[in-house]
Amino acid sequence: MKTLYKLFLVLTMVAFASCKDLTDLNVNPNGVDPSTVNPNLLVTTVITQTAQPYLDMGYQGDLAGVMQYVQKSGWGSGLNNYEFISERSWAGPYNNLRNVKHLYERSVAEGMEFQQGLALVLRAFNFGFITDCWGDAPYSAALNAPDGGQGDIFPVFDSQENIYKGIIEELKMANTMLSKPADAYSGINADADIIYKGSPLKWRKMANSLMLRYYMRVSSKLTSYAKAGIEEIIANPDTYPIFESNDDDATMGYIGTYNGDSWPANTKNDYDATNTSFSRIQLCAGFRDVLLDLNDPRIAVWFNKAKVPIKVSTKYDPEADITVGGVRYLHPDSMVVKNYVVYNKDTWPAALKAGNTLVDTLDYAGIPIASNAGEPYTYNLNPAPVQGGYNVHISALADLYKNATGVLQRARLISYAEVCFILAEAAKNGWSVGSQQSWYENGVEASLETWGVGDSYGAYIANSGVAYDGTLEQIMVQKWIANWTVAVESWCDWRRTGLPSLTIGPRGRRDAMPLRFRYDATERERNKTNYNSAISKLVQTAFTAQDGNDSSWSKFWLLQ
Amino acid sequence: MLLLGIFALLAGNTYSQTKVSGVVKSNSGELLPGVNVLVKGTYTGVITDLNGKYIIAVPGTQSILVFSFIGFESQEIAVNGKSVIDVTMSESSIAIDEVVVTALGISREKKSLGYSVAEVKGEAIQKVAQENVLNSLAGKVAGVSINSTSGAGSSVSMVIRGASSLTSDNQPLFVVDGIPMINTLNNVQQMGSDNRADFGNAISDLNAEDIESISILKGPSAAALYGSRAGNGVVLITTKTGSKKKGLGITFTTNTVVENPYKYLEKHNLMANGNRPYTQDNRPNNGLDYIVIDPTVSGWVGPELDKGMLAYQWPYFNADGVLTATPLVSHPDNWKNFFETGYTTTNNIALADATEKVDYRLSFSNMLNKGVIPNSDLHKNSLSLSSTLRLNKNIKVSTSFNFITSGAVNRPAENRGANPVQALYETNPHIDILSLKDYWEKGKEGIQQNGPYQLKINPDGTYSSGGFMDNPYFLANEVNNGFKRDRIYGTAKLDWQINSELSFMARYNHDQFNEFRDTKIAQSYTQERKGFYGLTNLYRREQNADFLLAYNKRVGDFNLSASAGGNYLYRYASDNTTKAKDKGSGLIVPGIYSVSNIALSNIQYYSSLSQKAIYSVYALASLGYKDAVYLDLTARNDLSSTLPKENRSYFYPSASLSLLLNNMLEMGDKVSLAKLRGGIAMVGNDTDPYKLMPTMGDYGSWGNQTRLTTSGTLLLPDLKPEIQTSWEIGTDLAFFKNRLRFEGTYYSSKNENQILNIGLPPSSGSGAKQINAGLISSKGIELTIGGTPVRTNDLNWDVNFVYSRNRTRIEELSEGFNYIALWTDAKGGAVTWVGEEIGQIIDKKMLRVEDKSSPYYGWPIIDNEGWDNSDSKWQDADGKRVAPVIGNFNPDFTLGMQTSLSYKKWTLSASLDWRKGGQFVSQTLRYGESDLHTQRWIDRTVKVNGIADIPAYLKANADKYLSPDGEFFVVVGGPTQETGGLEYTEDGITLHDGVFMPGVVGNYDENGKFIAEYENLGGPGQPLIRYQDFYGWDYTRTATFDADYVKLREISITYQLPSLKSIGIQNASFSIYSRNLILWTKAGIGIDPEMAFQPESGKQGSGIQFKQGIERFNVSPWTIPVGFKLNISF
């Protein structure tokens, strides 16, 4: 027995001696330890995670439709018909904020103040987006899940008021943090900063410009707060430098090597050879009407004319409906027989309600919003009505948007033009920020320059409807046009001011434009108590219908 | 081995009196080595040598010798003064004294076991060739469910006693001759946009012809000694060796099965694709003489076919290139024409020999498979050598080496995207599939595929390139997911019989493979227009070293055996992938599949490696009393590298008891066996490597900038092992000399400290959190009833029924969490709340009038455009589920039947399966029917032709059409006048394709009370909707079906050829067989419910890459396989 015991012992020892250390074995060799990661490796991540979805929403997302820039010829009920019935995930911005938080914490640990400031600006921007769209939301208690408490896992919602105030304070912190000369910062990787190439001053200007945006956002609820805030910024340009030209615009370009780093719905890298993602995005009649009224040169930058325009004519009498030489001719008599009515920007909803079929005879033909329940692709007598297909009678996006990347294809977060219009509005409010007319005209000129048609500024500003007449409406219309691809901002402005005044069709899910996003379904299912408390503060409207408080037609604090 | 030692020793110690010798043979004349020869009433015994010879000293001339051997009837022969006794032993019909292989490879008499072990003999799985040996087990073992996730070569899932873990693949541990085999259910890879292929489980490398027997250790009791990985049961596979028979033996087997498709998915052939059934006179003006059938319209509600209507349709142009209208006709045989006859051929040759010192077996096998989908294949070559070398009387060295190469030129893509079956299903009924067979555009071979979706006729008669969908032949032939797997596994083992009571075993096992996958996609695939190339190298290695010291002692009526040992496990895995970016710039030069043909800016590469080790020590003891009572105790302690230091070591014991009542009480002749058994056991389970601390993930580079991201899943640094505790009780009964047999087991298991990811509210910053909580319980019943109703010299009939039923519930979760989602899809999901059953499928609620006092109680609430409304909330403010449960993907029970009827040299065997209950979601139908592809959907609408007062008719049938308990998603109308369509006008064109959903329109008042405005029952002026648009897309229920089926898994007729010894053939047989013949499905939609698995590139909440209980284009045709097998032994 003794030998056996020894044998057993020896074998056990041999076995374990040859063994590896179990703790070492479980150290993951495949990734960087988050506690030692170089902050610069997160900079590009948080910029792209912010800019890509923001552009996507503003260019081809639901809000681009609601604000009547574009409509979709298929699968666009959110854009076309206010189909805001479903919950909307906010996992995207919160996931991004998790990375922003880590960037901030790592930069603090490394003493890298530029990255701290950058993180604060993007944190404010993303929380701004969240509260702009959803209303009350977890802010002060958000992003703390790693701390593990029940209050960290299930964060309370902050009021919208406190979120806006909070992000303004964070932007002030960023302004201070970014106030040193560039060479006073350590560890800047200019290439990682794909917005400003590592310029602290530009990020500082962005922080202060965003402050203007959010002060103006709350101006109707907290008027004196907003007034004081904006006036302080304008009165102290050295302490609060803001955007001074288009060169300061916060925009991000695209790489264009594959779908993930390309302009959305392009036809170069997008998967479908048929360009359906591209041709599905079509001009909205509402935007078109305004651009044509103002004889705006930007329409030609953004849209192509309809490939086959429709004309009402007796030229080919007695043909009722004939396409000759790239033009489709409808005989006026047959129009009557078939209940076809030529689109008129003032009377089209009534014509639709009366059971008529609309015919848009303009070269820039666009789909009116909420004009069709299920089949937007049939609009304007599409001879080949296919869900999402190309419609020869509707204006498509300009060819430049087929590219995967390009100088005009930038994700715009905030622009000098927007700043000008904010200040024009502030001036109109009687706040001491300068002349409303010059801010208005600066804004118009800046936007025309942005889109490469700066030469036409002189003629354009003289157009009737463009020449400043001192109305808020004019400022907001020009801001709306300038915010092409920044539809989120236009939506915020419209909800706040009701401008531009937009005509909507009778076929929307509700007879009114939606006012907010419904809360994230996962949040509702997982964070029940706080969710219930948040929705109790929403005010229902006549359009809330069966949705309950958490409706896209309920009013949050800003609109109450 | 132990017995050998004991008897050798005992024999040596016995003083010589009278010696008896002899030769023991089987009734077929084979010499039998290893037969126990015991002097009755003593412990004196010997075993026969390799030539079947024995010599034994007997105490007196009146002694009785007992001859016993596994698989043979024991015999008692009185010595009566004889000195030579030759014995012929007959094979026992059913072995009550069956010996089964249990944990650590220890052979035990089945009757002594306190837990349920199922054994399947090699012959049973060799009768009918299956390309994956697991398929051969389907329906044969109680408590075991086997599911092919798709056709030949796909992963096969084996789950024993239901899922015990919510986050692992729940696959059992496979141990081949002591070698734990690397296997997983997660073999799906996506390479290129929407191109997912299942490369099949590595367990399919096993060669069925090499298998001697399979033991399935079902509960943790049985498996406790295999440790962490045994929580899902253990499948012990013993392969054939050369030791059975002395002298050289050669066996040749050839096996070919031909599969003929015979049943296809149903689709209508009434209309071409289009949005409305326009006619020549009644159509939108396109400026052309005829309507253009635009292939990009997905709905099949276009102009009617076979009615003489002309249209511009694929291929649009005549031989002179002129746009020409042709008659619209249907092509009902498209599916039949597309699929091919599949075949699998397997050839095996084995050579075995045994001498005094050495025995060996060498086997070579070759398998070739061609699938029913064009250009799908599978092939495998395996070579194995097992040998035993007896160094001396007490020391034996055994080794085995196995080399397997397997692979495929193309594993067809599954799910949607590059799946040729999807493209086939979407090929419009007016297109002749055979016209697509030349899938390259003329003059653009290798560059541009051809087909209706590749050409778009503009309203002005010009055409442009399309590319909306793919040609199914193009996908089948030009999207190639190939793989090559080279595998080596083997073992070296030393057995040392130290003395009569002690033995020692030491062993080293090794299993490794390299799998090389490459995906080649030709230019013009709609989702990778410029082609694609990607390759992946997987390397897996598992090494195990173990030893076992065993002690065996018989004292009086007690028999004790005790063992102790240890195991060292080390696993290494590495993955390397180099590929073009999905939807990127493709390949530089078309058709060159090389990494250097991918532009630098378009290359992506990843690599990862992982390591894991587990150190274990264990001990077991078994105490038997008088062949009547057996008590087993086991204990094991593991140390796993995947757990934190403080929780790394975990201990788990088991105990089981077997009572043989027939040996304790006098029960008469009729009772052959009456056994009660029971066991209780724990098994601990660790997790995957690197689950304790997060690392930064790669977010993909942005130009030259690296992007890292923090993990969205919070990990638990102080993770504890999962602990599964289970108990089982059962009985084994046999009557009338085993001609009636019964085995029944009830089991219950609880799995605590589940390591699972639980969803967090996004605002917490993390999407999920790993928790170590919860309690999952499973309960089930397993019954086996077998009988031999007829047994004569010429005729023998055996029949066996196997019944299994399992329920798994979530008993507890973590604070604040009410449910677990295994997957969500098709608007619903497999979501289980605390207290509910795993596998349940939930849906959205259709909004109906809930006010019981309303005359419209239960009616669907319709909006003023005519659409229904749904509520997408899963649970109410209190966390109670409000989403309706519409089914469960698990069956109520399954019943298998195996029968075998032999008459002289003929044997007929069959294996039949019945699945009762359970549901599955068919996304094939969901997609297909939302585009109105089926006659079924046309048939299910309510036809009101000739009914004058439609509202009155619907109200009279309110129970059926307006009640939550009636038909779900009622649509009145149809696509055409004959099929019940209502007159409907749009854009000035009037056709009979209007439909509506009966219900009530109204509003809610401020108290949330529904106020009806009007009834939407098809009254005058009420909105109609085009048939094309009204499908219940928002509800999972619309495409949920009962999963009940009856399958003829296997049927075979074997003929034992007459003796051919004159030409050296010892034994020959020939059989004809068929397999997997679906006889009946309750759903009746031409889909095999068993294949309700939707492969995904990422792991689902259930820890597997499959969504179970849902399928998407996993709809290969049903086939009638016909197989031939010839088996010859020399």
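Fair warning: this is a prediction, and the values are worked out from it, not measured in the lab. Note that these values count all heavy atoms, side chains included, but never hydrogens, waters or copies made by symmetry. To find a chain, count down the sequence lines: A is the first, B the second, and so on, and within it residues start at 1.
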Assert top hit (heavy-atom pairs under 4.5 Å, partner chain B, pool Lys101(A), Glu87(A), Gln150(A), Arg509(A)) equals Gln150(A)
Please name the pair of heavy atoms, one in Leu22(A) and one in Ser640(B), separated by the smallest distance, quoted to 0.1 Å. CD1-C, 4.4 Å
Ile130(A) versus chain B, heavy atoms under 4.5 Å apart: side chain, backbone, both or neither? neither
Below 4.5 Å, heavy atoms only, C-beta onward: do Thr257(A) and Asn602(B) meet side chain to side chain? no
Looking only at side-chain N and O atoms, does Asn26(A) offer a donor or acceptor that is under 3.5 Å from a partner on Ser641(B)? no
dist Asn28(A):CG -> Leu715(B):CG (nearest 0.5 Å) comes out at 10.0 Å
Using non-hydrogen atoms and a 4.5 Å limit, figure out which bit of Tyr690(B) sits close to chain A: side chain, backbone, both or neither. both
What I'd like to find out is whether the side chain of Lys528(A) reaches to under 4.5 Å of the side chain of Asn818(B), using heavy atoms alone. yes
Under 4.5 Å, counting heavy-atom pairs only, tell me which of Asn40(A), Thr48(A), Asp520(A) racks up the most with chain B. Thr48(A)
Step by step, work out the side chain to side chain contact (heavy atoms under 4.5 Å, CB included) result for Phe817(B) and Glu525(A). CA-CA 9 Å; Phe817(B) 300 97; Glu525(A) 303 290 347; over 6 Å; no
Heavy-atom distances under 4.5 Å only: say whether Lys873(B) touches chain A with side chain, backbone, both or neither. both
Might you point out which heavy atoms bring Arg529(B) and Thr267(A) nearest each other, and give the distance in Å? NH2-O, 2.8 Å
Chain A contact via Arg283(B) - side chain, backbone, both or neither, heavy atoms under 4.5 Å: neither
I'd like to know which of Gly584(B), Ala599(B), Pro644(B) tops the heavy-atom pair count under 4.5 Å against chain A. Gly584(B)
Below 4.5 Å, heavy-atom pairs only: which of Leu692(B), Asn704(B), Asn869(B), Asp698(B) has the largest tally toward chain A? Asn869(B)
d(Leu41(A) CG, Thr709(B) OG1) to nearest 0.5 Å is 12.0 Å
Against chain A, label Ser298(B) side chain, backbone, both or neither, depending on which of its atoms sit under 4.5 Å from a heavy atom there. neither
Residue from Pro138(A), Pro34(A), Ala91(A) scoring the most non-hydrogen pairs under 4.5 Å with chain B is Pro34(A)
Leu714(B) versus chain A, the contacting section by heavy-atom distance below 4.5 Å: side chain
Could you check which of Ile85(A), Leu103(A), Asn144(A), Asp321(A) has the highest count of heavy-atom pairs closer than 4.5 Å to chain B? Asp321(A)
Against chain B, label Leu97(A) side chain, backbone, both or neither, depending on which of its atoms sit under 4.5 Å from a heavy atom there. neither
So what's closer than 4.5 Å to chain B heavy atoms on Arg518(A): side chain, backbone, both or neither? side chain
Where on Asp191(A) is there a heavy atom nearer than 4.5 Å to chain B: the side chain, the backbone, both, or neither? both
Side chains of Tyr258(A) and Lys583(B) in contact at under 4.5 Å (non-hydrogen atoms): no
Determine whether Thr695(B) and Val32(A) satisfy the following criterion, side chain to side chain contact (heavy atoms under 4.5 Å, CB included), listing intermediate values before the conclusion. CA-CA 5 Å; Thr695(B) 54; Val32(A) 179; 5.9 Å; no
So which of Ile291(B), Asp878(B), Leu609(B), Thr642(B) has the largest heavy-atom pair count under 4.5 angstrom toward chain A? Leu609(B)
Of all of Tyr606(B), Tyr699(B), Trp702(B), which one pairs up most often with chain A through heavy atoms under 4.5 Å apart? Trp702(B)
Part of Gln52(A) lying under 4.5 Å from any heavy atom of chain B: side chain
Can you tell me which of Pro689(B), Ser601(B), Gly759(B), Ser585(B) forms the most heavy-atom pairs within a distance under 4.5 Å of chain A? Gly759(B)
At a heavy-atom separation under 4.5 Å, does Asn30(A) approach chain B through its side chain, its backbone, both, or neither? side chain
Looking at Lys530(B), Arg707(B), Lys645(B), which one has more heavy-atom pairs under 4.5 Å with chain A than the rest? Arg707(B)
Per-residue contact mode, Phe157(A) against chain B (heavy atom under 4.5 angstrom): neither
With a 4.5 angstrom heavy-atom cut-off, could you sort out which part of Val37(A) is near chain B: side chain, backbone, both or neither? side chain
Cut-off 4.5 Å, heavy atoms of chain A, and the answer for Leu847(B) is side chain
Phe154(A) side chain reached by Pro761(B) side chain, heavy atoms, under 4.5 Å: yes
Name the member of Ile153(A), Thr357(A), Asp547(A), Thr522(A) that forms the most heavy-atom pairs with chain B at distances under 4.5 Å. Ile153(A)
Any heavy-atom pair between the side chains of Asn275(B) and Tyr377(A) that's under 4.5 Å? yes
Need one label for Asp876(B): side chain, backbone, both or neither, based on atoms under 4.5 Å from any heavy atom in chain A. backbone
Side chain from CB out, backbone as N, CA, C, O: work out which of these in Ser711(B) comes under 4.5 Å of a heavy atom of chain A, or both, or neither. backbone
What I'd like to find out is whether the side chain of Met696(B) reaches to under 4.5 Å of the side chain of Leu42(A), using heavy atoms alone. yes
Tell me, side chain or backbone of Ala877(B) under 4.5 Å from chain A's heavy atoms, or both, or neither? both
If we ignore hydrogens and angles and just use 3.5 Å, is the side chain of Arg98(A) paired with the main-chain N or O of Ser766(B) as donor and acceptor? no
Distance only, no hydrogens: is a donor on one side chain within 3.5 Å (strictly under) of an acceptor on the other, for Arg648(B) and Thr23(A)? yes
If one checks every heavy atom of Val46(A) against chain B at 4.5 Å, the contacting part turns out to be neither
Ranked by heavy-atom pairs below 4.5 Å to chain B, first place among Val27(A), Asp24(A), Thr378(A), Asp33(A) goes to Val27(A)
Any side-chain heavy-atom pair from Arg524(A) and Gln875(B) closer than 4.5 angstrom? no
Below 4.5 Å from any heavy atom of chain A, which atoms of Glu986(B) appear? Answer side chain, backbone, both or neither. side chain
Measure Asn532(A) against the heavy atoms of chain B and call it side chain, backbone, both or neither at under 4.5 Å. side chain
Can you say whether Asn530(A) sits under 4.5 Å from chain B via the side chain, the backbone, both, or neither, judging by heavy atoms? neither
Applying a strict 4.5 Å limit to non-hydrogen atoms, the region of Ala192(A) in contact with chain B is both
Leu760(B) to Ala145(A) - nearest heavy-atom pair and separation: CD1-CB, 4.0 Å
Does the side chain of Asn527(A) reach to within under 4.5 Å of the side chain of Ser763(B), using non-hydrogen atoms? yes
Per-residue contact mode, Asp194(B) against chain A (heavy atom under 4.5 angstrom): neither
Spacing of Ser262(A) atom OG and Lys581(B) atom NZ [to the nearest 0.5 Å]: 8.5 Å
